[in-house]
Structure formats: C-alpha cells, structure tokens
Protein chains: 2
Amino acid sequence: MLSDVMEDYLKAIYQLQARTGPPVSTSAIADTVGKTPATVTSMLETLEERGLVAREKYKGAELTAEGETVALEVLRHHRLLECYLAEHLDYAWSEVHEEADALEHHISEEFERRVAAALDDPVVDPHGDPIPSADLSPLDEDDATPLTAHDVGSRVVVSRVSDRDREELEYLADAGVTPGTVLEIVDIAPFGMVTVRTEDEAEQSLPESVADAISVRPAAEAGAAAGPGEVTDA
Amino acid sequence: MLSDVMEDYLKAIYQLQARTGPPVSTSAIADTVGKTPATVTSMLETLEERGLVAREKYKGAELTAEGETVALEVLRHHRLLECYLAEHLDYAWSEVHEEADALEHHISEEFERRVAAALDDPVVDPHGDPIPSADLSPLDEDDATPLTAHDVGSRVVVSRVSDRDREELEYLADAGVTPGTVLEIVDIAPFGMVTVRTEDEAEQSLPESVADAISVRPAAEAGAAAGPGEVTDA
DNA sequence: TAATATTTTTAGAGTGGTCTAAACCATCTA
DNA sequence: TAGATGGTTTAGACCACTCTAAAAATATTA
C-alpha cells in the first residue's frame with residue numbers, strides 16, 4: 001500500500017516532468033511538495049526501491065512506467081474531484097484545488113467510477129487540465145504554450161490556467177480569464193507585465209507571475225470553439 | 001492539529017460511551033479501532049495530555065467536553081457523507097459506511113456546509129443514526145432498545161441498524177429491514193435466533209449477531225410514521 | 001481470603017517520515 | 001584548470017504510531 005505522502009511525491013514528479021521533461025531535480029521536488037531537499041533524497045530512495053522512480057545520484061529522478069500510472073491515478077482523482085465540486089457542489093473555479101488535494105488520496109475505485117459517471121466522463125477539469133482516462137493510459141503531449149511566450153498583437157485562446165496558487169486564480173477569475181477565453185496581447189511591459197484585451201474589450205494588466213500561469217494556443221481564424229486537445233481541423 | 005488516527009480513537013470512545021456509558025475499557029477501544037491494548041494505552045496518554053480524554057489507570061477512559069466535540073464533528077462528517085453518497089451518488093444503503101470512514105477526516109468545513117445544504121440539513125443518516133448539528137451540541141439520549149430485548153408478539157419499529165458490519169447490512173437490506181420498518185416478533189429460538197414478520201407478511205429468521213444490530217422502539221398504535229427521534233405524541 | 005485468571009500497563013524495539021548540519025559533487029567562472 | 005558556488009547526499013537525531021513480551025494491577029472463584 002502506498003501512503004498519501006508517496007502519492008504526493010509521485011504527483012509532483014509527474015507534473016515537473018510534464019513541464020520540463022525528465023530528469024527532475026531534488027530541489028524542484030522539494031519546492032513542490034514543501035519538504036527539505038534532504039527529505040526528498042531519502043524519499044526518492046524508498047520510491048526507487050519500490051520501483052516507482054528511476055534515479056541517478058546527483059543528477060535527478062524520473063518516474064518508471066509504474067510510477068507514472070500511480071501519478072495518473074492520483075491526477076485523475078484530483079481532476080474528477082475538481083469537476084465534481086464545481087459542477088455539483090457549487091464551488092467556484094478558484095476554490096476546488098485545495099479540497100481536491102485533501103480528498104484525492106482517499107476515494108475508492110467505486111467512488112471514482114460514480115463521480116465520473118455523474119459527470120459524464122469529462123476530459124478536462126475546470127482549469128483546463130486534461131483528466132487521465134479510467135485505464136490510466138499516458139496523456140498526450142500538450143500543445144499549449146505559456147502566454148508570456150507570445151508576441152504583442154497575437155490573438156490566443158486560453159487552454160489552461162495553473163491551479164497552483166489560489167490568489168492568482170481568484171484574480172484571473174475576476175478578470176474573466178478562464179479556459180476557452182480569447183485574448184489579444186496588447187502590450188508587454190518591462191518586468192514581464194502583460195496587458196491583454198478580453199473578448200468584451202476589457203483590458204487587463206497581469207504581473208508576470210500571473211501571466212505565467214496561463215497556457216494558450218493560437219486562436220483559430222474562424223472562431224473554432226473546440227475544447228482543449230480537440231481542435232477541429234479540416 | 002489532530003491526526004486522523006486520533007480522530008478514530010475519539011470516535012470509537014464516543015460510540016462505546018454511548019452504548020455502555022463511561023468509563024470505557026482499554027480493550028473495548030482496542031477491539032473497535034483494531035489495535036493492541038498496549039497501543040491504546042499509549043494513545044490514551046497522549047490524548048489525555050491534549051485534554052481530550054480523562055482517564056484513571058487500570059479503570060478506563062472518558063471523553064472530556066473538548067474530546068466529545070471532536071468526536072461529534074467526525075461523526076457529523078461521517079453521517080453527512082453517508083447521506084450524500086446514498087442520495088446523490090446512488091450508493092446502496094449497505095455500501096456507504098466504508099467510503100465515509102475514509103473521507104470523514106479529510107473534508108473541509110466548507111465541504112461540510114455545502115454537503116449539508118445539498119441535503120437540506122438532514123438529521124439522521126441512512127442507517128437511522130442521528131447526525132450531530134453544525135454547532136456540535138451533544139446528541140440527546142437514544143430511546144431505542146436492541147431488538148433482542150423485546151418479547152415475542154410485540155410490534156416494533158426499526159430506529160437504527162448498526163453500520164458496523166457490511167455483510168449484516170446487506171443481509172438486512174435484502175430482508176427489507178431498514179429504519180422505519182415495522183416488525184412483529186414471531187419467535188425467539190435458542191441461541192438468540194429471532195424470527196420477525198415484516199410489513200408485507202414475509203418472515204425472516206435472524207441470527208443473534210444480526211438481530212443485535214437492530215435498534216427499535218415500540219410501534220405506535222395508530223401507525224405513526226414519524227422519523228426517528230421525532231415521535232408525534234398527543 | 002488465597003489462588004487464579006484476566007486486564008492493563010510498562011519496557012523496549014521498530015517503521016515511516018521528517019529535520020538540521022556537515023560532507024560531497026558538479027558546474028560555472030576567473 | 002582551480003577555486004568558488006550551489007545543489008545533493010549522508011549522518012544522526014527526533015516524533016508519531018505501532019508492536020511483542022513481561023510485569024503489575026484488578027477481578028473472579030474456590
């Protein structure tokens with residue numbers, strides 16, 4: 001049996017790996033899970049013994065196939081819970097993350113099935129993140145890029161908004177920036193301050209840290225309204 | 001912060017206390033939480049240091065007011081979850097207990113509020129057990145008595161069915177014995193085997209262990225159909 | 001009431017997860 | 001290429017929770 005602590009480490013490694021590719025550094029994991037690097041090193045040893053992680057000393061760690069499956073399961077739980085809370089318990093988009101974090105390790109397979117059924121097997125959560133399928137097959141690559149990587153004048157549609165920070169999320173919810181929103185980049189000022197125009201012509205200036213939480217893809221010419229990962233081409 | 005392990009001990013003590021009154025023996029707690037008596041002794045020490053339990057060596061333990069409040073909170077979570085699972089996620093009456101046990105320690109105050117609201121602030125769970133109110137004021141005494149304490153020929157209505165054992169629960173659900181069911185005791189055989197007649201004239205023979213899980217109160221003469229704890233008198 | 005049986009506690013050890021401080025390795029820069 | 005710097009691991013300790021085995025207290029019964 002895997003402890004919820006271990007599940008948290010695996011989830012963290014998965015997400016870091018998804019952003020920057022393997023291997024992931026000890027200190028990056030430490031930051032993500034909120035532990036000291038020394039603690040992470042010792043946990044990586046036990047994860048390695050259990051065959052969930054492969055690692056090379058002083059270099060970094062990487063999930064094994066088995067470790068990835070566990071991470072996907074946790075992620076599926078997390079994102080289904082986020083959906084459920086938003087849809088059926090009236091949570092705001094920006095509130096679901098913490099609750100899902102607490103619950104994700106403690107739901108049964110049965111609960112997972114019933115929640116998925118109640119939601120009609122959703123494929124993305126309220127932040128735009130993809131939900132792993134019930135068979136836990138690997139998620140495919142993400143074609144979205146950080147908002148900050150785009151140029152002034154480009155029109156983009158929001159794919160995902162990172163659920164890492166609660167305040168950022170509320171800020172963006174207020175600003176009307178949610179997955180699916182079309183944005184035009186109006187200005188990029190020093191220190192990364194980004195100004196965008198939303199669909200209703202309102203302009204928002206976002207500090208770099210916040211802008212970085214937004215992943216986008218180019219807006220299709222003829223307003224294609226497909227969900228993330230399902231762009232209608234042809 | 002209280003660990004979920006501690007919460008389990010407090011819940012166990014509360015429930016034992018409710019059945020037999022304080023003080024509660026070390027071994028009774030050990031049986032309930034599934035640990036050795038030695039382990040319970042040491043946990044009782046730490047619970048005492050934290051002011052949640054009062055105890056006298058070799059005699060037994062008792063919850064303090066603060067300990068009782070914690071237990072009531074856990075119980076409220078548990079029973080609200082049972083209701084929610086049955087009502088909104090289509091769980092069978094006999095399935096909700098284990099899932100609620102896993103989740104009860106991990107839901108936020110916010111979640112508790114929203115679930116209670118979605119259910120319209122229920123006062124009993126699917127097993128007929130009372131749900132502590134949001135202010136966690138003590139539950140009042142329970143006037144129900146074990147089915148096995150009644151005589152042949154008496155007509156009784158089921159108040160509660162203990163949720164301790166999954167198999168018993170399924171057995172009873174099949175037999176149509178749920179809170180609110182009116183039963184007539186047809187026979188009590190050796191070894192405590194009890195035969196009852198349900199409303200639809202079907203007869204069921206229940207082994208003592210199962211019959212013991214059923215709490216009842218006398219059936220009112222003129223078929224009063226009030227919920228448990230709310231008998232309409234006058 | 002004395003011997004016996006049962007329950008409870010103590011003693012001591014082990015596991016999992018965490019920390020700090022110190023040693024270690026790798027990489028960057030002069 | 002030799003330090004200096006910064007991330008990583010080791011060493012050692014600690015806390016929470018658990019166990020088994022043995023000692024102590026209480027309850028039962030002759």
Side-chain angles (χ1 to χ4, degrees), chain A residues 1-13 16-17 19-63 66-67 70-71 74 101-102 104-106, chain B residues 1-13 16-17 19-63 66-67 70-71 74 101-102 104-106:
Chain A
M1 195 62 309
L2 248 37
S3 70
D4 40 338
V5 173
M6 287 183 189
E7 291 183 351
D8 276 334
Y9 279 90
L10 295 172
K11 185 176 66 160
I13 297 168
L16 290 166
Q17 230 170 241
R19 291 202 225 317
T20 62
V24 295
S25 72
T26 301
S27 52
I29 300 170
D31 284 351
T32 312
V33 298
K35 304 282 160 62
T36 64
T39 301
V40 172
T41 296
S42 97
M43 179 55 83
L44 286 177
E45 276 162 15
T46 85
L47 255 16
E48 187 176 31
E49 277 163 23
R50 300 220 191 186
L52 298 162
V53 152
R55 84 199 197 90
E56 206 179 333
K57 275 208 187 129
Y58 295 99
K59 290 294 163 54
E62 177 176 358
L63 294 178
E66 195 188 342
V70 173
V74 177
D101 254 0
E104 65 190 4
H105 310 294
H106 305 286
Chain B
M1 192 67 308
L2 247 36
S3 70
D4 40 338
V5 173
M6 288 183 188
E7 291 184 350
D8 276 334
Y9 278 91
L10 294 173
K11 185 176 66 160
I13 297 168
L16 291 166
Q17 231 170 239
R19 290 202 224 317
T20 63
V24 182
S25 75
T26 300
S27 52
I29 300 169
D31 284 352
T32 313
V33 299
K35 304 281 159 64
T36 64
T39 301
V40 172
T41 296
S42 95
M43 179 55 84
L44 286 177
E45 276 162 14
T46 85
L47 256 14
E48 188 176 32
E49 278 163 21
R50 300 222 192 183
L52 299 163
V53 152
R55 86 199 196 91
E56 205 179 333
K57 275 210 187 125
Y58 295 100
K59 290 295 163 51
E62 178 176 357
L63 294 179
E66 195 189 341
V70 173
V74 177
D101 253 1
E104 64 190 5
H105 309 294
H106 306 286

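Each chain gets a letter, A, B and so on, in the order the sequences are listed, and its residues count up from 1.
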**Report entry** Separation of dT8(D) C1' from Glu45(A) CD (nearest whole Å)
**Finding:** 11 Å
**Report entry** Spacing of Glu48(A) atom CD relative to dT9(D) atom P, expressed in whole Å
**Finding:**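 So the two atoms are 10 Å apart, to the nearest Å.
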By side chain to side chain contact (heavy atoms under 4.5 Å, CB included), which residues pair with [X], not counting sequence neighbours?
| X | result |
| --- | --- |
| Gln17(A) | Ile13(A), Pro22(A), Val24(A), Glu62(A), Leu63(A) |
| Asp31(A) | none |
| Ala38(A) | Thr36(A) |

Report summary line: Scanning both residues in full, the closest heavy-atom pair of Asp8(B) with Val33(B) reads O-CG1, 4.0 Å
Report task. Identify the two heavy atoms, one from Leu2(A) and one from Glu7(A), that lie closest to each other, and give their separation to 0.1 Å. Result -> O-OE2, 4.3 Å
Requested in this report: Kindly write out the residues that satisfy side chain to side chain donor-acceptor pair (under 3.5 Å) with Thr32(A), not counting sequence neighbours, or none if the list is empty.
Outcome: none
Report task. Could you check whether Thr41(B) gets within reach of a base, just the sugar-phosphate, or nothing at all, counting any heavy atom under 4.0 Å? Result -> base
Report task. Please list, by residue number, the residues of residues 52-59 of chain B whose heavy atoms come closer than 4.0 Å to an atom of DNA chain D; answer none if no residue qualifies. Result ->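 Under 4.0 Å from DNA chain D: Tyr58(B).
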Report task. Test Val74(B) against Leu10(B) for side chain to side chain contact (heavy atoms under 4.5 Å, CB included), laying out the working first. Result -> CA-CA 9 Å; Val74(B) 177; Leu10(B) 294 173; over 6 Å; no
Run the side-chain donor-acceptor check on residues 42-49 of chain B: report pairs under 3.5 Å with partners two or more places apart or on a different chain.
| residue | atom | partner | partner atom | Å |
| --- | --- | --- | --- | --- |
| Ser42(B) | OG | Thr39(B) | O | 3.4 |
| Thr46(B) | OG1 | Met43(B) | O | 3.2 |

Report task. Output all residues satisfying salt bridge (Lys or Arg N to Asp or Glu O under 4.0 Å) with Asp101(A), sequence neighbours left out; order by chain, then residue number. Result ->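 Partners of Asp101(A) under the salt bridge (Lys or Arg N to Asp or Glu O under 4.0 Å) test: Lys11(A).
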Provide a list of protein-nucleic acid N or O atom pairs under 3.5 angstrom, restricted to nucleotides 18-22 of chain D.
| residue | atom | partner | partner atom | Å |
| --- | --- | --- | --- | --- |
| dT18(D) | OP1 | Lys35(B) | NZ | 2.4 |
| dT18(D) | OP2 | Tyr9(B) | OH | 3.1 |
| dC19(D) | OP2 | Thr36(B) | N | 3.1 |
| dC19(D) | OP2 | Thr36(B) | OG1 | 3.2 |
| dC19(D) | OP2 | Thr39(B) | OG1 | 2.4 |

Query - Sequence-distant partners of His106(B), ring-ring contact (aromatic ring centres under 6.0 Å, His included), two or more places apart - result: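 For His106(B), the residues satisfying ring-ring contact (aromatic ring centres under 6.0 Å, His included) (neighbours in sequence not counted) are His106(A).
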Query - Along DNA chain C, first and last positions that approach a heavy atom of chain B under 4.0 Å - result: dT8(C) to dT10(C)
